[in-house]
Number of protein chains: 2
Amino acid sequence: MTDQTSQASDDLAPDSRAPEAQANGFATVREARRNELAEDYVELIADLIHQYGEARPVDIAERFGVRAPTVTKTLNRLAREGLITREKYRSVFLTEAGRTLAQECRRRHEIVLRFLIRLGLDPETAERDAEGIEHHVSEQTLALFESYANRP
Amino acid sequence: MTDQTSQASDDLAPDSRAPEAQANGFATVREARRNELAEDYVELIADLIHQYGEARPVDIAERFGVRAPTVTKTLNRLAREGLITREKYRSVFLTEAGRTLAQECRRRHEIVLRFLIRLGLDPETAERDAEGIEHHVSEQTLALFESYANRP
DNA sequence: CCCGATTCTTAGCTAAGGCTAACTTATACA
DNA sequence: TGTATAAGTTAGCCTTAGCTAAGAATCGGG
């Protein structure tokens, strides 16, 4: 197995970072992936409380398009992680940590969404893509998105 | 529980789509999340073959920063799904489907990366963010990214 | 006030994606 | 050519995130 990188005129320039750097990158992505669902949940819970005054599992299930037991299980995890508080058979509340996280998520979501729309995307597609993208943008990227969206 | 949306002057405009539309959005995101790892693998395998002439599990493990048995297991899944072929204790090859997917991924990756760099991001952060973002951009967004990156 | 409908939880299944420990195969070099 | 080392696999564990089926709690209208 010989390294063709050093001598190659690589037409497509595949990822040229050292394996370790690349591994760190994937570690970041894996970490982000692990938090995505929690972030989606707190964001939605904040929205529901804002809209309806409370966040009920049944509404969470409907909005996410999953079944009730899935929601129960995930809410238990979020409670374990200190993002929400709850009592059996009652609706859900955010802890201070949960509220903070929700605000961060909302902020990122807004910036990504406004950016995509400003770029020329239709609002529906923008909303869909923002949902996926928001968990994977660094602060640096976010800053660039924001200034693009705010530009005259 | 009363709907405050209709009468509300919502300062932050939380997601105002109908629950069903929102559920479809999340279904899209969940679907994307399910394919992310497979896409990362075929993309890396293609890179390794391009760089070294073959893709060995040990190198895949190093680049992803995971252990060998994890790679074995995932490769088995990819083989089951028809994206790669392999024989025990040998390196990995892409099927036609795998090669096609790898090309798609590479294309998306390139466009997102060039876009982020063009936007002003430093190359390392751009690479990291691209890894996360590339799985969540629609064709429409990709087209906009591309024309932004290609603009004079 | 109570009974049916709704909501929520529990139990138990699947599959993915991590891990370690232990085993097998391949490789390379003395 | 034999054998130590490197590479790959297997077995078995954990967690997460889905699901269905079935049971428990809550709520509202008579």
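Below, read A as the first sequence line, B as the second, and so on, with proteins coming before strands; counting in each chain starts at 1.
- Atoms CG (Leu78(B)) and P (dA15(C)) sit 17 Å apart, rounded to a whole Å.
- Side-chain atoms of Asp129(B) never come within 3.5 Å of backbone atoms of Val137(A) as a donor-acceptor pair (strictly under, hydrogens ignored).
- Among dG18(D), dG8(D), dA25(D), the nucleotide with an atom closest to any side-chain atom of Val58(B) is dG8(D).
- OP1 or OP2 of dT20(C) lies within a sub-4.0 Å distance of a side-chain N or O belonging to Arg67(B).
- Taking side-chain N and O atoms only, Arg80(A) has a distance below 4.0 Å to OP1 or OP2 of dT16(D).
- Take the nearest nucleotide of DNA chain D for Arg90(A) and for Arg34(A): the residue whose nucleotide is more 5' is Arg34(A).
- Residue Thr72(B) has its side chain nearest to dT9(D) when only dT9(D), dC19(C), dG18(D) are considered.
- Between Arg77(A) and dT15(D) there is no side-chain polar atom (N or O) within less than 4.0 angstrom of OP1 or OP2.
- Judged purely by distance below 3.5 Å, without hydrogens or angles, the side chains of Arg56(A) and Ser91(A) never pair a donor atom with an acceptor atom.
- Whole-Å rounding puts the Arg86(A) CZ to dT26(D) P distance at 13 Å.
- Counting any heavy atom pair closer than 4.0 Å across all strands shown, Lys88(A) reaches sugar-phosphate atoms only and no base atom.
- For the OP1/OP2 pair of dC19(D) and a distance below 4.0 Å, the side-chain nitrogens and oxygens of Thr70(A) include at least one atom meeting the criterion.
- Between Ala38(A) and Asn76(B), the residue whose closest nucleotide on DNA chain D is further toward the 5' end is Asn76(B).
- Between Leu37(B) atom CG and dA17(D) atom P there is a gap of 15 Å when expressed in whole angstrom units.
- The environment of Glu81(A) atom CD is dense: over 12 non-hydrogen atoms of other residues, nucleotides or ligands sit within 6.0 angstrom.
- Residue Arg56(B) places none of its side-chain N or O atoms closer than 4.0 Å to OP1 or OP2 of dA26(C).
- Judged by distance alone, the side chain of Arg99(A) and the main-chain N or O of Leu94(A) form a donor-acceptor pair under 3.5 Å.
- Cation-pi check for Arg151(B) over Tyr148(B) is met; the charged atom lies under 6.0 angstrom from the ring centroid and within 45 degrees of its normal.
- Rounded to whole angstrom, the span from the CD1 atom of Ile60(A) across to the P atom of dG18(D) amounts to 13 Å.
- Where Pro69(B) and Leu75(A) each meet DNA chain C at their nearest nucleotide, the meeting point lying more 5' is that of Leu75(A).
- Between Glu54(B) atom CD and dT27(C) atom C1' there is a gap of 12 Å when expressed in whole angstrom units.
- Across all strands shown, Arg33(A) has no heavy atoms under 4.0 Å from either base or sugar-phosphate atoms.
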